[in-house]
Amino acid sequence: MFAQGRAVQEFIASIESAIIAATGLEPGSFSLESPRKAELGDFAFPCFLLAKRDKGNPAQIAGKLAEQLNASLEGIQATATGPYINFQIDRSDLARSLLGSIRSQGALYGNSEEGRGQTVVIDLSSPNIAKPMSVGHLRSTVIGAAIQRLHDALGYQTVGINHIGDWGSQFGKLVAAVDRWGGEVDLESDPIKALLELYVRYHNEEATDPSLQDAARAAFQELESGKEGHVRAVWRRLTELSMQEFQRTYERLHVHFDEIRGESFYEDHLGPIIERIVQSGVTEESEGALIVSLKEFGENVPPCLLRKSDGTTLYATRDLAAAFHRWELYHFARCLYVVGGDQRLHFQQLKYVLQRMGVEWEPKVEHIAFGMMRLPEGKMSTRKGQVVFLEDVLDRAVAEAAKIIAEKNPELANSAEVAEQVGVGAVIFNDLKRERVKDIEFVWSEVLSFEGDTGPYVQYTHARLLSILTKADAGAIDAAPDWSALADSAGLLLTLGQFPGVIRKAATHAEPSEVTQYLLGLAREINSWIAANRVLGQAPGVMAARLQLADAARIVLHKGLALLGVSAPESM
RNA sequence: GCGCCCGUAGCUCAGUUGGAUAGAGCAUCGGAUUUCUAAUCCGACGGUCCCAGGUUCGAAUCCUGGCGGGCGCACCA
C-alpha cells in the first residue's frame with residue numbers, strides 16, 4: 001500500500017536477485033551486510049559460503065562474481081574487495097528515490113500494514129494502589145507504551161492494558177492500618193503520601209502486634225468474599241484516590257491506556273477459572289492449598305499456587321484469569337507482559353500451567369522483562385523509604401531544562417511548555433536508551449544530563465533542521481535539485497533508509513532501545529552533516545537537494561521520537 | 001544449595017541471522033562560531049571484549065566449565 005522505505009528495499013532486492021541468478025543460491029539463504037567502512041560501499045556480500053560450496057578461493061570467486069553482477073545490475077556498481085563484494089548505488093538514484101519516498105509519506109514513513117487483522121495485547125505500567133509511582137514504574141510504562149506504538153505503526157490492532165495492582169492481601173493490611181490510624185493522617189490533600197505512611201507503619205508494628213495481622217487477614221477475606229461492607233468501601237476510596245494521582249503522571253508522559261483493569265476486575269472470574277483448571281486435571285491439593293505441580297518441567301520448579309489454605313486467591317490465579325479473559329476477548333497474535341525481570345519465575349510458571357492445560361495459544365504469551373532500577377545504595381524499597389519518586393524526577397528534569405533555556409535561548413516564546421517537553425523527554429529517552437534487560441543504577445547527574453547521547457540531543461537536532469527549513473525561501477525546496485550536492489551524503493541517506501527496518505525489528509524484539517540507538521546515530525550523522533554542508537544561500541539546485549535531505553531527516557527524527565513518546569519541540 | 005539474567009575503554013553503553021582494522025557518549029586534553037540554534041562540530045587519549053577450553057575458513061557474538069554482580073526459589077505482588 002505504502003512505499004514503506006521501498007527506495008532502499010528495492011535496491012537491496014535487485015542486488016539479491018542478481019546474486020541469486022548468478023550463483024543459484026536459495027532466496028533467503030543469505031543477506032547483505034554493511035561494509036566495514038562506508039567508503040567501501042553501501043552493501044556487502046561475503047563470499048565465504050560460496051567458496052565453501054564451490055571449493056574455491058573466496059577472493060577469486062568475489063572477483064569473478066563482481067564482473068557478472070556488474071553486467072546485470074543497473075545503477076549499482078559491484079566491486080570485489082578481497083573475499084567481499086561491495087555494492088554502491090548510483091548517488092543520484094539513491095537520493096532521488098529515497099528522499100522522494102520519505103517526503104511523500106511524511107509522518108507515515110516507516111509504517112506498514114503487515115500487522116493488519118492481528119491484535120497485540122500489551123500489559124504495561126501496572127502500579128499498585130496506595131503506593132507512589134517510583135522511577136521503577138516508569139520503566140514498565142514507557143517501555144510498554146513504546147512497544148504499543150511500534151506495533152501500531154505496523155498496522156496491528158493494539159490493546160494497552162493497565163493491570164492495576166488493586167487486589168491482594170496487602171489491601172487487608174492497608175484497610176487494617178486505615179482503621180487503626182487513619183484519623184492521624186491527612187488522606188485528602190496528599191493521599192499517596194498518607195497511605196505510604198500507614199503502609200510503612202503497619203510493617204513496623206505487625207511483628208510486635210499479632211492483632212494487626214489478624215485484622216488484616218480478616219479484612220482481605222471480607223474483601224474477597226464480595227461483601228458490600230465497610231472493608232469494600234475503604235478499599236474503593238483508596239483506589240479512587242490513587243487513580244487520580246496516577247492519572248496526572250500519565251498525562252505528563254503522554255501515555256493513555258485502552259483499558260484500565262485492576263486485578264479486582266477478575267474477581268468474578270476467579271471461581272470459574274479455578275474450576276476450569278481443576279477440570280483440566282492438572283491440579284492437586286497440597287498442605288491445604290490448591291496447586292499445579294510443575295515438576296515435569298524440572299525437579300526444582302516450584303508449583304503454582306492457585307488457592308491458599310485460607311481460601312483466598314493469589315497473584316497467579318488472577319493472572320491466569322486475565323490471560324484466559326484476554327484470549328477470549330482478542331484472540332491475540334501476541335500478549336506481552338511488560339513486567340520487571342524479578343518476576344521471571346512467575347511468568348515461567350504461568351506459561352507452564354498453560355502448557356500443562358494444553359492451551360494452544362501459550363507460545364503467544366511473552367514476558368517482556370526489563371532490568372531493575374537500583375539506587376547507588378542498593379535496591380529500592382518502598383517500605384524502607386528508599387525510593388525516588390517519579391514526580392520528583394520529572395519536576396527536577398523540567399526545572400533543569402528551564403534553567404538551560406534561560407541561559408541559551410532566553411527569547412524562546414513558549415519556554416515553559418518547551419521545558420516540560422525537554423525535561424520529560426530526557427527522562428523518557430534515558431529510560432529507553434539501553435537494552436531493556438539491563439539493570440539501571442539511578443544516578444541524578446545522568447538523568448539530568450542533556451548533552452551527548454540524550455533525548456534533548458535528538459530534540460535539538462530536530463529543532464536545528466526545522467530552523468533551516470523555515471528560514472529557507474518559500475519554494476526553494478521545490479527547485480530542480482542538483483543531486484551531486486549530496487554525493488558525500490550517501491551515509492546519511494542510507495541511514496534514513498534503514499528506518500522502516502528498525503521499526504519492524506524493534507517491534508518484533510519488543511525492544512524500544514533499537515529505536516533510541518538508531519535515533520542517536522542518526523542525530524550524530526545529521527549534526528556532522530549540518531556542520532559540513534551549508535544549506536541556505538547556495539545555488540538553487542544545491543539548496544533544493546540539501547533542503548530535501550534536511551526535510552527527510554526532520555521527518556524521521558520526529559517520527560522516531562513520537563514512537564518513543566518524546567515530544568519534538570519546534571525550537572528550543 | 002538450585003534456577004534465571006547480566007559481564008565490551010576510567011564511567012555509561014552500541015556492536016545487525018557468527019564476517020573486513022571492536023564503535024559511541026561521559027570524563028580528560030587540544031581545536032572550531034563575521035554566516036542555517038555551540039544542548040553542536042572536529043581531533044587526541046583510552047581495549048587480555050570477565051577467565052579457560054571447544055565448534056568454525058572465521059567468535060565480542062554459538063557450546064561447555066569456571067569467576068564476578070543482580071534477581072528469584074508454595075500460601076506477597
Side-chain angles (χ1 to χ4, degrees), chain A residues 30-31 33-37 40 44 46 48-49 51-52 58 81-84 86 126 128 165 167-170 173 263 286-291 298-310 312-316 318-319 339-346 348-349 369 371-372 374 379 401 404-405 407-409 412 422 426 433-435 437-441 443 445-446 449-454 456-461 463-472 498 501-502 505 513-514 516-518 520-521 523-524 527-537 546 550 571-572:
Chain A
F30 67 97
S31 63
E33 301 173 0
S34 297
R36 190 77 205 82
K37 283 192 169 171
L40 292 168
F48 300 104
L49 280 174
K52 199 171 187 179
T81 311
Y84 291 85
N86 293 311
S126 310
N128 294 318
W167 205 250
S169 51
Q170 79 274 21
K173 299 176 185 178
E263 293 183 70
S286 171
E287 298 168 37
L290 184 69
I291 69 164
E299 203 43 45
N300 298 316
V301 180
C304 179
L305 268 81
L306 297 179
R307 194 171 56 212
K308 295 191 275 188
S309 48
D310 69 0
T312 56
T313 62
L314 290 110
Y315 182 39
R318 297 187 283 277
D319 258 354
V339 180
D342 53 346
Q343 291 183 44
R344 279 198 164 88
L345 178 61
H346 166 73
Q348 187 58 255
Q349 288 179 306
M372 307 308 293
R374 279 177 294 104
K379 196 181 176 182
I404 294 175
I405 289 170
E407 281 170 24
K408 304 196 183 242
N409 200 352
L412 188 63
V422 172
K433 197 158 75 177
R434 337 161 220 274
E435 218 181 339
V437 295
K438 296 217 159 100
D439 288 349
I440 299 182
E441 188 178 275
V443 181
S445 63
E446 220 169 282
S449 159
F450 297 169
E451 290 174 13
D453 283 352
T454 65
Y457 174 69
V458 179
Q459 291 174 317
Y460 176 73
T461 310
R464 287 185 82 182
L465 289 171
L466 207 57
S467 170
I468 294 172
L469 287 160
T470 49
K471 280 184 179 156
Q498 286 166 6
V502 170
K505 278 190 182 167
S513 72
E514 292 178 14
T516 322
Q517 292 295 333
Y518 168 81
L520 286 170
R524 222 176 285 131
N527 278 308
S528 296
W529 181 82
I530 290 175
N533 297 276
R534 177 83 198 166
V535 176
L536 301 181
R546 289 185 178 159
S571 66
M572 61 187 272

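Every residue two or more places apart in sequence or in another chain that forms a side chain to side chain contact (heavy atoms under 4.5 Å, CB included) with A:Lys505 is listed here: A:His509, A:Glu514. Under the salt bridge (charged side-chain N to carboxylate O under 4.0 Å, His left out) criterion, A:Arg307 pairs with no residue, sequence neighbours left out. Checked against side chain to side chain contact (heavy atoms under 4.5 Å, CB included), A:Asp342 has the following partners two or more places apart in sequence or in another chain: A:Met372. Every salt bridge (charged side-chain N to carboxylate O under 4.0 Å, His left out) that A:Arg318 has, sequence neighbours left out, goes to A:Glu263. For A:Glu446, the salt bridge (charged side-chain N to carboxylate O under 4.0 Å, His left out) partners at least two apart in sequence or on another chain are A:Arg434. Applying the side chain to side chain contact (heavy atoms under 4.5 Å, CB included) test to A:Lys471 and every residue at least two apart in sequence or in another chain returns A:Ser467, A:Leu536. Residues satisfying the salt bridge (charged side-chain N to carboxylate O under 4.0 Å, His left out) test with A:Glu435, not counting sequence neighbours, are A:Lys438. In this structure, the side chain to side chain contact (heavy atoms under 4.5 Å, CB included) partners of A:Ile291, at least two apart in sequence or on a different chain, are A:Glu284, A:Ser286, A:Ala289, A:Pro303, A:Leu305. A:Arg344 pairs by the side chain to side chain donor-acceptor pair (under 3.5 Å) definition with nothing, not counting sequence neighbours.
Counting only heavy atoms from C-beta on, A:Tyr457 has its side chain closest to B:rU40 among B:rC57, B:rC36, B:rU40. Of all nucleotides listed (B:rA24, B:rU12, B:rU21), B:rU12 comes nearest to the side chain of A:Arg434.
A donor-acceptor contact under 3.5 Å links the side chain of A:Ser31 to the base of B:rU17.
Each of A:Ser513 and A:Leu536 lies near RNA chain B, and the nucleotide nearest A:Ser513 is the one positioned closer to the 5' end. If you find the closest nucleotide of RNA chain B to A:Ile468 and to A:Ile404, the one lying nearer the 5' end belongs to A:Ile468.
With a 3.5 Å ceiling on both atom-pair distances, the Watson-Crick or G-U wobble partner of B:rG1 is B:rC73. Nucleotide B:rG47: unpaired (no Watson-Crick or G-U wobble partner with both distances less than 3.5 Å). Both distances falling under 3.5 Å, in either a Watson-Crick or a G-U wobble arrangement, place B:rC26 opposite B:rG10.
Among the heavy atoms of the strands lying under 4.0 Å from A:Pro35 is at least one base atom, whether or not backbone atoms are also near. Residue A:Val422 is classed as a base contact, given a heavy-atom separation below 4.0 Å to a base. Counting any heavy atom pair closer than 4.0 Å across all strands shown, A:Ser528 reaches sugar-phosphate atoms only and no base atom. Residue-level contact check: A:Ser571 touches the bases, meaning some heavy atom is under 4.0 Å from a base atom. Nucleic acid contact for A:Ala44: base, since at least one base atom lies under 4.0 Å from a heavy atom of the residue. Among the protein residues, A:Ser34 comes within range of the nucleic acid bases, having at least one heavy atom under 4.0 Å from a base atom. No engagement by A:Asp319 is indicated, since no non-hydrogen atom pair under 4.0 Å with the nucleic acid exists.
Proximity of A:Arg36 to the phosphate of B:rG23: a side-chain N or O atom is located under 4.0 Å from OP1 or OP2. Between A:Lys471 and B:rU37 there is a side-chain N or O to OP1 or OP2 distance below 4.0 Å.
Atom-to-atom, CG of A:Asn527 to P of B:rC36 comes out at 14 Å; the value is rounded to the nearest Å. For the pair A:Lys433 NZ and B:rG15 P, the computed distance is 14 Å after rounding to whole Å. To the nearest angstrom, C1' of B:rC42 lies 15 Å from CD1 of A:Ile530. Rounded to an integer number of Å, the gap from CG of A:Leu520 to P of B:rA39 is 17 Å. The nearest whole Å value for the distance from the CG atom in A:Leu466 to the P atom in B:rA39 is 17 Å. One can place CD of A:Gln517 at 7 Å from C1' of B:rC13, the figure rounded to the nearest angstrom. Rounded to whole Å, the distance from CD on A:Glu514 to P on B:rC13 is 17 Å. Between A:Leu40 atom CG and B:rU21 atom C1' the separation is 11 Å, expressed in whole Å.
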Which atoms of nucleotides 27-32 of chain B (N or O only) lie under 3.5 Å from a protein N or O atom, and what are those distances?
none

Could you list all N or O pairs between the protein and nucleotides 6-8 of chain B that sit under 3.5 Å apart?
none

Letter per nucleotide, 5' to 3', of nucleotides 61-77 of chain B [B base touched, S only sugar-phosphate touched, - untouched; heavy atoms, 4.0 Å]: ---------SSSSBBSB
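At least one side-chain heavy atom of A:Leu465 sits under 4.5 Å from a side-chain heavy atom of A:Ile530. Between A:Gln348 and A:Val301 the shortest side-chain heavy-atom distance does not fall below 4.5 Å. Taking the side chain as every heavy atom from C-beta outward, A:Ser571 and A:Leu466 never approach each other to under 4.5 Å. The side-chain heavy atoms of A:Gln517 and A:Val502, taken from C-beta on, include no pair separated by under 4.5 Å.
The two residues A:Pro58 and A:Pro83 have their closest heavy-atom pair at CB-CB, 3.8 Å.
To the nearest whole angstrom, the two C1' atoms, one in B:rC50 and one in B:rC67, are 7 Å apart. The separation of B:rA77 from B:rC71, taken at their C1' atoms, amounts to 15 Å, rounded to a whole angstrom.
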